[in-house]
Amino acid sequence: MPLSPTAASSPGGLAARLAGTPEQWLTRVCVAVPALALILFFGYPLLTIFWQSFVQWDGTLGLDNYAAIPSTPGLVTAGVNSLSISLSTTLVCILLGFPIAYALERSRIRFKSWVRLSLLLPLLAPSLVQGLGLLFLLGRNGLLYQWTGIEQNIYGYWGLLLSDVFYALPQAIMIIQAALRNADARYYDAATVMGASPRQQFFHITLPNCKFGLLSAAFVVFTITITDFGNAAVIAGDYRVLATEIFSQVSGQQNFGMGSVVGIILLLPALLSVYIERVASQKQFGGSSESRIPLRPAPARWRDALLGLVTHATALAIWAIIAVVVFASFVKLWPYNMSLTLANFHVDIASGYQPIWTTLYVSVAAALIGIVLLFLLAYGVRNLRGRLAKAIYLMAVLPVGVPGLVLGLSYIFTFNDPLYPLHWLYGSALLIALCNFYHYHTQGFLTMATGMRMVPQALEEAAACLGGKVRHVMGDAILPVIAPTVLAVFFFLFMRSMVTLSAVIFLVTPQLNVAAVSVMHLNEAGFVSQAAAFSTIIILVVAAAMLMMRALVYYFRPNLSPEAA
């Protein structure tokens, strides 16, 4: 018996209609499969690292690893250094990121598109490229020394601070921009009528309205910095941080128990900062009004000149760091023979180009697995209600608080165990792909869930009332609307898998390597030009993927206008 329009359109009527039908079973399957995968590839591995932290040298359980923290050489120093560099980077990124975001949203500076393109560059390369570029520019054999004879030591705190700032700054700017973009022009018009000066409007309207955006940006930068391994591995020198300490304990000293303890130490501030960032993000964007009037900045000569100077200088610095890496890839022997050559791209060491092909395969696999599981999960959670839906949602967003190093280390403990049913995955490219996917699971899930909410409920109900089965509703109502989101998530996972380092550093082997790790190894071996060549290839591949993503998303954008309906 068909449902009445009123019953079909109400949430209760829809829930009753789903009961005992194929739709209900589809919802259960869509939730169960990704949830099981989350348990197998995220939940259980994370539990193993907690368990391993209690395993002592002789295989017994105890608290000796935790008790040894104060007496472990360098561990306390690494913890203090990590907090110091992370707090410093956060402070610089907020103080520099706010005026740049303000210039892009609230000023009339010229060449804004060029600045936005510049901010994308650090996202196209592994994090260690920032450190590599600074070495080419400011190192003992860098361009500054060759041009001026001024010698300085870029290794250590200041070099790591600069590289972390340029790596994290674009993400801080994007978050602050989103906060500034929510402004309502009516508030400023009312303040102007009441005689408030621009300075008073800035301190009493602008700053209070974007305070949660600033807080969110601060905790994102802090999390990125304290968990980053790439820049620290390249430019930190003797300045030890927790990320490099984990690598030293596990790979250098084979002390897995202490490595697990360091991982947990690194995990706690990351989880705390992610939680605070989530709360700040909800407060910032929860109260925005759909009827707001966008603010159009008025011309202000001195303001725009000052903001333009800061913004374009930062953009030039970003371009210089990336450009010098690309330039170094064509140099015959940096810095002794600066003649140009293509020989660096004929890599005959470190397995040649095999790491590039492996990275491509891993990235495509991570993206394909990701869009299937994330689509199923987003669709299933959308049709769930009650505590189960909240529990699944919490589990889906939890990976964002786990640093890549900790996740990679947990994969060693889990999949290297012969008793684990999925032990056969250890040492395979598929396991690296799964690690990359779950490293960025939260961002992909939130994007997919947002796209799923854009599907009009009435469109699904109309397709069902016309006699369409589940496959027809899925193919005719849901997929056409969510296709751009699926493409965006695919390319996001692909691009992040191409450049990630920390999540896979423990999973590579002499027979199975990836491009970002090869860059690190080539740099450590002194083959800096070949490292730059590998970095250039990665940048070109990721840039091409970004352009392809934009073209496909634009092509498949949904048309839900009345005429199309």
Side-chain angles (χ1 to χ4, degrees), residues 89-127 129-131 133-134 137 161-183 198 202 206-207 209-210 213-214 216-218 220-221 224-225 231 284 294-327 488 491-492 495-496 499 535-536 539-540 542-547 549-551 553-554:
T89 303
T90 301
L91 180 63
V92 173
C93 284
I94 296 303
L95 293 179
L96 182 60
F98 181 81
I100 295 176
Y102 192 88
L104 293 173
E105 295 295 327
R106 302 287 183 87
S107 77
R108 293 193 175 184
I109 66 169
R110 302 180 64 184
F111 309 114
K112 288 185 179 181
S113 298
W114 177 76
V115 174
R116 293 189 179 98
L117 176 62
S118 304
L119 295 175
L120 290 176
L121 291 179
L123 305 178
L124 303 180
S127 61
V129 169
Q130 325 301 320
L134 287 171
L137 285 172
L161 176 63
L162 283 174
S163 58
D164 281 343
V165 165
F166 284 112
Y167 176 59
L169 182 62
Q171 301 187 53
I173 292 173
M174 291 177 187
I175 295 172
I176 300 172
Q177 273 188 270
L180 291 170
R181 200 175 296 131
N182 283 336
F202 177 80
T206 301
L207 281 182
N209 285 343
C210 67
L214 289 169
S216 178
V220 166
V221 171
I224 292 172
T225 305
N231 284 320
Q284 172 65 36
L295 180 65
R296 297 184 179 276
R301 182 178 177 183
W302 290 107
R303 178 204 66 191
D304 292 349
L306 182 59
L307 291 176
L309 178 63
V310 173
T311 300
H312 292 301
T314 304
L316 280 173
I318 294 174
W319 274 100
I321 291 173
I322 301 298
V324 75
V325 173
V326 176
F327 170 71
F491 281 102
F492 167 78
M495 290 186 290
R496 299 318 299 166
V499 302
S535 301
T536 301
I539 293 171
L540 291 176
V542 178
M546 180 174 290
L547 293 174
M549 177 192 71
R550 294 197 170 191
V553 168
Y554 179 81

From [atom1] ([X]) to [atom2] ([Y]), nearest 0.5 Å:
| X | Y | atom1 | atom2 | answer |
| --- | --- | --- | --- | --- |
| Thr536 | Phe327 | OG1 | CZ | 11.5 Å |
| Ile100 | Arg116 | CD1 | CZ | 12.5 Å |
| Ile318 | Tyr167 | CD1 | OH | 13.5 Å |
| Leu316 | Ser118 | CG | OG | 7.5 Å |
| Cys210 | Glu105 | SG | CD | 11.5 Å |
| Leu214 | Leu180 | CG | CG | 7.5 Å |

Where do [X] and [Y] come nearest, in terms of heavy atoms and distance?
| X | Y | result |
| --- | --- | --- |
| Leu104 | Lys112 | O-NZ, 3.2 Å |
| Cys93 | Val221 | SG-CG1, 3.9 Å |
| Thr90 | Ala218 | CG2-O, 3.4 Å |
| Ala179 | Gly213 | CB-CA, 3.9 Å |
| Val325 | Ser535 | CG1-CB, 3.9 Å |
| Ile176 | Ala101 | CG2-CB, 3.7 Å |

Evaluate the side-chain proximity of [Y] to [X]: yes if any heavy-atom separation is below 4.5 Å, no if none is.
| X | Y | value |
| --- | --- | --- |
| Leu547 | Phe491 | no |
| Thr206 | Tyr102 | yes |
| Met174 | Leu123 | yes |
| Phe492 | Met549 | no |
| Asn231 | Phe166 | no |
| Gln130 | Leu162 | no |
| Val499 | Leu124 | no |

Quiz prompt | Qualifying residue, where the test is side chain to side chain contact (heavy atoms under 4.5 Å, CB included) with Leu96 and the options are Thr314, Ile173, Thr311 | solution =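 It is Thr314, the one option of Thr314, Ile173, Thr311 that forms the side chain to side chain contact (heavy atoms under 4.5 Å, CB included) with Leu96.
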Quiz item: Okay, side chain of Asp304, backbone of Ser107: is any donor-acceptor separation there less than 3.5 Å?
Solution: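 Absent.
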Self-check item: Side-chain (His312) to main-chain (Arg110) donor-acceptor, under 3.5 angstrom
Solution: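 Looks like yes, one N/O pair under 3.5 Å.
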